[in-house]
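To start, the structure under review is shown below, and the notes come after it.
Proteins get letters first, then strands, A, B, ... in listed order; numbering begins at 1 in each.
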2 protein chains.
Amino acid sequence: MAVTIKELSAACGLSISTVSKALNDYPDVSAETRELVRATAAKLGYRPSAIARGLKIGRTFNLGVLYSDDSESGFTHNYFAPILEAFKSEAERRGYDITFITHHTDHNSMTYLQHCLYRNVDGVCIVNCHFADPEVTDLLSGPLPVVTIDHMFHNRSCVESENRQGMTQLTQYILSKGHTRIAYICGDENAVTNIRRTSFLRTMQEAGLHVPQQYLIASRYHHPAAAREATAQLLSLPERPTCIIMADDYAALGGLEAIRDAGLRVPQDISVAGYDGVAILQMCRPQLTTVRQDTQRIGQAAARKLVHLIEQPRTTFQEIISIPCSLLPGGTVGPVPDQPSSI
Amino acid sequence: MAVTIKELSAACGLSISTVSKALNDYPDVSAETRELVRATAAKLGYRPSAIARGLKIGRTFNLGVLYSDDSESGFTHNYFAPILEAFKSEAERRGYDITFITHHTDHNSMTYLQHCLYRNVDGVCIVNCHFADPEVTDLLSGPLPVVTIDHMFHNRSCVESENRQGMTQLTQYILSKGHTRIAYICGDENAVTNIRRTSFLRTMQEAGLHVPQQYLIASRYHHPAAAREATAQLLSLPERPTCIIMADDYAALGGLEAIRDAGLRVPQDISVAGYDGVAILQMCRPQLTTVRQDTQRIGQAAARKLVHLIEQPRTTFQEIISIPCSLLPGGTVGPVPDQPSSI
DNA sequence: AAGCGAGTCTAAAACGATTTCGATAAATCA
DNA sequence: TGATTTATCGAAATCGTTTTAGACTCGCTT
């Protein structure tokens with residue numbers, strides 16, 4: 001099918017070894033033969049087979065990406081998809097392809113680690129996983145270079161979005177608009193949620209404000225229906241909040257729906273904020289006030305770090321790379337409405 | 001690193017050949033040794049290396065995906081991302097991983113075909129490409145099994161979204177609302193655009209309606225700014241349309257913005273329709289009237305067809321698989337406004 | 001003239017699997 | 001009993017590379 005090194009060597013009238021060395025810049029090959037090999041290789045469109053090469057040198061220039069989310073949204077996930085895109089672009093720029101690591105749920109199922117070894121990936125990036133899953137911890141404590149995103153694991157490199165700073169900034173912005181009764185619909189229980197929740201609570205506390213228990217609702221990430229329900233719950237409180245922070249932008253759509261259902265206007269009657277900074281939603285009206293996570297830099301940094309860990313394992317140290325968030329002041333957080341909320 | 005067949009054979013006290021045969025269900029190995037091998041393989045977590053295996057048997061169980069769009073949106077593209085997701089899921093269910101085919105723009109750049117051969121993919125799915133690109137036609141006429149999406153190529157299998165039916169249905173729906181002055185902002189010139197445009201024009205013609213030349217604007221796909229400009233142009237016409245069909249949902253956001261800029265309301269003053277049926281936008285308000293393309297079925301059918309072409313090359317024939325679209329009647333197409341348009 | 005280093009090249013052994021073919025032992029047959 | 005089949009296993013070639021170790025030709029030194 002493809003032209004092999006054997007055919008190339010025959011075309012050059014040289015041995016296989018010489019051809020290989022000419023292509024790999026070995027010193028013990030004359031300049032003219034190197035040129036000859038280079039030229040005929042280009043003419044024949046020769047490329048060394050990645051699998052044969054990989055078998056020999058123990059490197060495949062393939063990066064594993066372990067990504068699985070509850071909502072099965074995959075590439076359509078509006079926070080992780082752009083991260084994956086940035087990761088992929090950066091990896092490709094450095095000569096790596098990517099392979100998605102899964103269970104291969106059907107006939108021959110394998111663990112994540114087995115899949116990585118099976119495909120001989122040089123390293124793996126773990127995104128949005130159940131980090132408590134024993135298969136994931138197996139992989140994390142396995143032999144491969146690993147970079148995680150938004151989750152720290154003992155002695156492993158991690159790229160994290162600065163959720164503490166982001167949530168603090170958002171809360172302060174809302175406070176600056178005069179709000180005091182701010183509710184927060186968190187996502188599921190996990191590391192990111194914890195950081196955001198404590199950051200929110202701390203900022204409120206520093207402002208001398210109390211957050212009643214009913215204002216803090218555990219919901220689900222990336223799940224508009226759940227947010228809708230939680231919002232409806234908040235709206236039915238005797239003293240309802242004047243602003244609600246949603247778990248994420250996508251969930252916020254559900255929240256907005258509940259508010260419409262209740263016949264209220266945003267932001268005149270109640271304010272709403274999201275989290276993520278989903279690009280497409282910034283083009284919609286009302287334009288969501290939210291916190292943009294820098295998915296481009298996150299994905300890029302992860303790929304870069306992983307490649308470093310692979311290519312310079314001695315000199316590269318494990319580290320936590322923090323990528324700052326930025327406030328996107330849209331139109332859904334307004335000043336506090338004059339009239340007190342209804343009973 | 002990973003346990004090899006050599007170590008496994010040592011652990012079993014058998015030769016490499018016997019172990020391999022035991023795992024591959026060869027008849028000339030006793031039931032008890034087969035069980036022994038199976039058991040120890042499971043205990044050691046042995047998996048044959050995909051690259052070693054691929055090198056020998058000439059199959060990698062890897063599918064190439066050639067995907068490149070002008071807007072560089074990658075995984076965040078809201079029509080192609082769900083197709084890729086469905087394709088990937090179906091491929092994985094059948095034991096295949098996927099590899100994205102690119103130029104590897106940096107140090108060592110190669111053609112698409114070279115990249116496919118370099119990675120030894122068993123087949124390739126081509127999505128959203130410049131099908132006129134010589135590199136793409138090279139690949140299309142190359143030795144590998146190929147499935148294309150939304151673009152027919154001589155003697156190759158293709159999965160296409162039924163744009164003719166979809167656009168006809170949309171136009172008829174708009175007509176049923178009483179509109180007669182309907183404008184269409186097309187995407188870039190390509191096969192899909194042609195089908196949609198002729199389908200639109202034919203439906204209008206069958207309804208006995210004339211479409212003035214100014215009502216047909218060539219714009220860009222997936223480009224809100226371009227749609228915004230085109231819409232502004234339409235709105236400034238002496239006799240402006242009462243309904244505008246946008247190239248796609250994403251572009252429609254730009255169109256809606258231009259309409260807001262002009263101080264008009266949707267759908268009271270003017271109606272708008274999109275195309276694609278982007279899921280997240282169906283949760284926003286106004287809810288876009290649009291045509292849903294069945295990305296799930298498209299991606300799944302493509303993967304299925306490709307795997308068939310690979311696994312049963314003799315009995316599988318080239319074919320065109322059409323996936324129907326469905327109308328999503330949102331809230332952006334209303335009845336024709338009473339008053340004649342301004343000026 | 002013999003020896004020595006460069007300078008070039010090639011033969012051959014890997015890498016981890018699959019597969020062909022032959023070897024051995026046991027079992028069957030004449 | 002000797003020959004032949006049958007069942008089970010292993011040796012070795014192979015896939016397309018890389019890489020080590022060695023071979024050969026020069027020209028130069030002594």
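Across the protein-nucleic acid pair, B:Asp25 atom CG and C:dT18 atom P stand 12 Å apart, rounded to whole Å. In this structure, A:Leu36 places its CG atom 14 Å from C1' of C:dC9, rounding to the nearest Å. Atom-to-atom, CD of B:Glu7 to C1' of C:dC15 comes out at 13 Å; the value is rounded to the nearest Å.
Listed for the B:Thr111 side chain is no donor-acceptor partner under 3.5 Å among the backbone atoms of B:Glu135. Although no hydrogens or angles enter the test, the distance criterion places a donor-acceptor pair under 3.5 Å between the side chain of A:Thr33 and the main chain of A:Ser30. Checked by atom type and distance alone, the side chain of A:Thr137 never pairs as donor or acceptor with a backbone atom of A:Leu140 at under 3.5 Å. Of the possible polar contacts, one joining the A:Ser89 side chain to the A:Glu85 backbone as a donor-acceptor pair under 3.5 Å is found.
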Identify each atom pair where a protein N or O and an N or O of nucleotides 23-27 of chain D are less than 3.5 Å apart, giving names and distance.
none

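The cationic group of B:Lys6 does not satisfy the cation-pi geometry with B:Tyr46, failing either the under 6.0 Å distance to the six-membered ring centre or the 45° limit from the ring axis.
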Requested in this report: Kindly determine whether B:Thr60 and B:Asn120 satisfy side-chain hydrogen bond (donor to acceptor under 3.5 Å, both in side chains), including the steps that lead there.
Outcome: CA-CA 7 Å; B:Thr60 55; B:Asn120 302 88; over 6 Å; no

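Contact check on A:Glu311 versus A:Arg94 returns no salt bridge, with no Lys/Arg side-chain nitrogen under 4.0 Å from an Asp/Glu carboxylate oxygen.
The aromatic rings of A:Phe61 and A:Tyr96 sit tilted, their planes meeting at an angle between 30° and 60°.
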Report summary line: Going 5' to 3' through nucleotides 11-20 of chain D and flagging B where a protein heavy-atom sits under 4.0 Å of the base, S where only the sugar-phosphate is that close, and - otherwise, we get BB-BBBBBBB

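Axis orientation changes by 80° from one end of the helix from C:dA1-D:dT30 to C:dA30-D:dT1 to the other, with each end axis drawn from 5 pairs and the value rounded to 10°.
When each of A:Ile298, A:Leu306, A:Ile83, A:Ile320 is checked for a side chain to side chain contact (heavy atoms under 4.5 Å, CB included) with A:Val159, only A:Ile298 meets the rule. Partner of A:Tyr67 under the ring pair (Phe, Tyr, Trp, His ring centres under 6.0 Å) criterion, out of A:Phe75, A:Phe80, A:Tyr112, A:Tyr79: A:Phe80 alone.
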